[in-house]
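I have placed the structure first, in the form of structure tokens, so that the comments after it can refer back to it.
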Amino acid sequence: MNLTIDVVEEKDYCVVKLHGEIDVYTAPKLKKEILPLTEQKGNKVKIDLEHINYLDSTGLGVFISAYKSTKENDGELKLIHVRDRVLRLFKVTGLHEIMAVDEKDRGE
Amino acid sequence: MNLTIDVVEEKDYCVVKLHGEIDVYTAPKLKKEILPLTEQKGNKVKIDLEHINYLDSTGLGVFISAYKSTKENDGELKLIHVRDRVLRLFKVTGLHEIMAVDEKDRGE
Amino acid sequence: MEDFDFIEMKVPAKAEYVGVLRLGVSGIASRMGFSYEAIEDLKVALSEAATNVVAHAYENKEKGELTLGFGVYENRLEVMVSDQGESFNFEEIKNRIGPVTYSEDLKSVSQMREGGFGLFLINALMDKVEINNEYGVIVLMTKYLDETEVDVNDQVQAKQ
Amino acid sequence: MEDFDFIEMKVPAKAEYVGVLRLGVSGIASRMGFSYEAIEDLKVALSEAATNVVAHAYENKEKGELTLGFGVYENRLEVMVSDQGESFNFEEIKNRIGPVTYSEDLKSVSQMREGGFGLFLINALMDKVEINNEYGVIVLMTKYLDETEVDVNDQVQAKQ
Ligand SMILES: Nc1ncnc2c1ncn2[C@@H]1O[C@H](COP(=O)(O)OP(=O)(O)O)[C@@H](O)[C@H]1O
Ligand SMILES: Nc1ncnc2c1ncn2[C@@H]1O[C@H](COP(=O)(O)OP(=O)(O)O)[C@@H](O)[C@H]1O
């Protein structure tokens with residue numbers, strides 16, 4: 001029921017590794033961690049969802065605001081290692097057409 | 001919340017491998033599987049609890065009746081690979097003094 | 001009358017308990033024999049309805065309660081999420097919920113909405129959804145064990 | 001007054017729902033920050049009380065209900081399991097519950113009892129236990145987050 005967030009920051013990109021569940025309880029913490037990263041000019045933010053076993057619209061909302069923020073700051077946002085179930089929610093809501101949602105990218 | 005029961009029967013002993021939870025819902029099924037084994041004259045019954053992640057007094061009750069039944073039929077009952085948590089319940093209730101409860105035996 | 005088991009859970013309308021409700025529905029649904037996929041759908045749909053109670057029902061009150069009812073039938077699970085908080089006008093919110101579209105995004109990224117997916121997801125993931133908001137909000141959703149039993153008409157039905 | 005959250009679950013008094021209640025308590029207890037060990041204790045204690053409702057409360061009736069209440073406090077979790085079924089005489093059952101002893105076994109294996117561990121385990125695993133059986137049975141048990149807060153006197157208290 002909890003979420004752990006590990007951020008690896010490099011010079012011009014960073015990887016955010018998430019473990020656990022993203023819901024109304026954990027989403028505020030996630031937003032607080034991710035938004036500052038997206039506000040750095042030109043930053044490339046990769047969010048690794050490999051170990052996310054639950055996500056709902058509160059999580060989608062956080063990723064949308066992160067996406068908007070990167071766009072405004074000439075950065076990039078990419079969701080990587082997205083599992084079937086989670087991917088399904090991006091597809092149903094049409095968000096996979098807008099954001100970079102990558103289920104296969106297992107490299108850098 | 002469920003229990004799966006696999007029985008390997010040899011000439012004069014058998015191993016019952018359990019997976020899951022033993023509670024008021026699954027105990028009747030367990031009793032029905034184990035008791036006939038204990039009623040075979042001189043049978044050595046080993047019950048492997050390695051993959052039992054939950055057990056309460058309903059499970060203890062099943063093992064006591066299996067123990068009684070082996071005694072009456074000149075057989076033997078042994079509980080093997082018992083985990084810490086499960087072992088604790090045998091200790092608290094004093095049953096580990098009566099029955100063969102083996103936490104370390106990983107061989108035959 | 002059709003026989004069924006009724007299960008009720010009441011929790012404070014707080015974010016920290018939504019995960020507990022999710023555990024409840026996954027336990028009941030797995031006991032009933034729902035597939036892994038269907039259980040995930042139920043978890044999301046229930047969480048969306050519960051999140052709305054936490055986020056919207058008691059905006060002007062200090063605290064409130066969330067009541068969850070499960071109807072366990074032979075062939076389906078009914079989940080009822082209700083609150084005694086504020087109601088809403090379904091016609092009014094209708095045009096700010098639903099999936100996003102690429103054209104919407106192209107218009108203006110900064111105006112892209114970040115919410116409005118909850119009721120839409122409930123409707124997409126469950127077989128039948130009814131909303132009653134006469135007094136507080138009640139979301140009643142149904143999922144069938146056998147998916148072939150699903151009604152053709154799976155739109156949100158607003159009862160006002 | 002001390003502030004706390006109250007959570008309620010009601011299920012039919014059937015064996016198949018005891019596991020669902022266990023999921024509930026493990027969710028609440030892990031949210032509160034209880035250790036893995038303490039959560040396991042809570043699961044067993046709750047299941048023992050619930051198993052008794054399923055097994056004993058409604059023996060002469062076709063069906064009944066089990067009500068579970070959680071009091072979530074800053075420093076402890078209170079769990080209340082109650083039924084509207086038959087009561088029992090605490091003094092009467094006192095000598096057929098408790099741990100087994102080696103001498104008991106030696107006397108006669110065939111007479112060794114197979115039950116009577118439920119209330120004993122509840123008492124052993126929780127920090128404080130109260131039983132009220134005026135009308136139906138109510139088992140109220142408490143577990144503290146910080147084990148140093150535990151009362152010295154941890155015997156079952158029968159209120160009749
Ligand atoms: N339980 C509720 N109480 C009051 N208003 C609600 C409730 N559930 C939904 N609503 C209203 O319906 C709108 C749409 O809900 P939803 O589709 O879940 O999206 P979101 O919650 O992201 O806005 C909410 O913004 C809110 O105005
Ligand atoms: N909820 C209940 N309703 C009626 N009787 C009960 C209830 N809980 C316990 N009892 C009585 O107390 C006895 C002891 O219970 P317990 O220690 O759990 O052992 P067991 O259930 O194995 O007999 C039961 O046999 C029963 O007579």
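The chains referred to below are lettered A, B, ... by the order of the sequence lines, with proteins before strands, and numbering in each begins at 1.
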> Most heavy-atom pairs under 4.5 angstrom with chain D, which of Asp5(C), Ile28(C), Leu23(C), Val11(C)?
Replying inline: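 Of Asp5(C), Ile28(C), Leu23(C), Val11(C), Asp5(C) has the most heavy-atom pairs under 4.5 Å with chain D.
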> Distance-only, no hydrogens or angles: does the Arg31(C) side chain make a donor-acceptor pair with backbone N or O of Glu16(D) under 3.5 Å?
Replying inline: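 Yes: the side chain of Arg31(C) pairs with the backbone of Glu16(D).
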>> What part of Val72(C) gets within 4.5 angstrom of chain D, counting heavy atoms only: side chain, backbone, both, or neither?
In response: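 It is the side chain, since no backbone atom gets that close.
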>> Would you say OH of Tyr135(C) has more than 12 non-hydrogen atoms from neighbouring residues, nucleotides or ligands within 6.0 angstrom?
In response: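 Result for OH/Tyr135(C): open.
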>> Ignoring hydrogens, what is the shortest heavy-atom contact between Val20(D) and Gly27(C)? Give both atom names and the distance.
In response: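 Heavy atoms only, the tightest pair is CG2-C, 3.9 Å.
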>> Is any side-chain heavy atom of Met9(D) closer than 4.5 Å to one of Ile7(C)?
In response: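 The answer is no, as the side chains (C-beta and beyond) never meet within the 4.5 Å cut-off.
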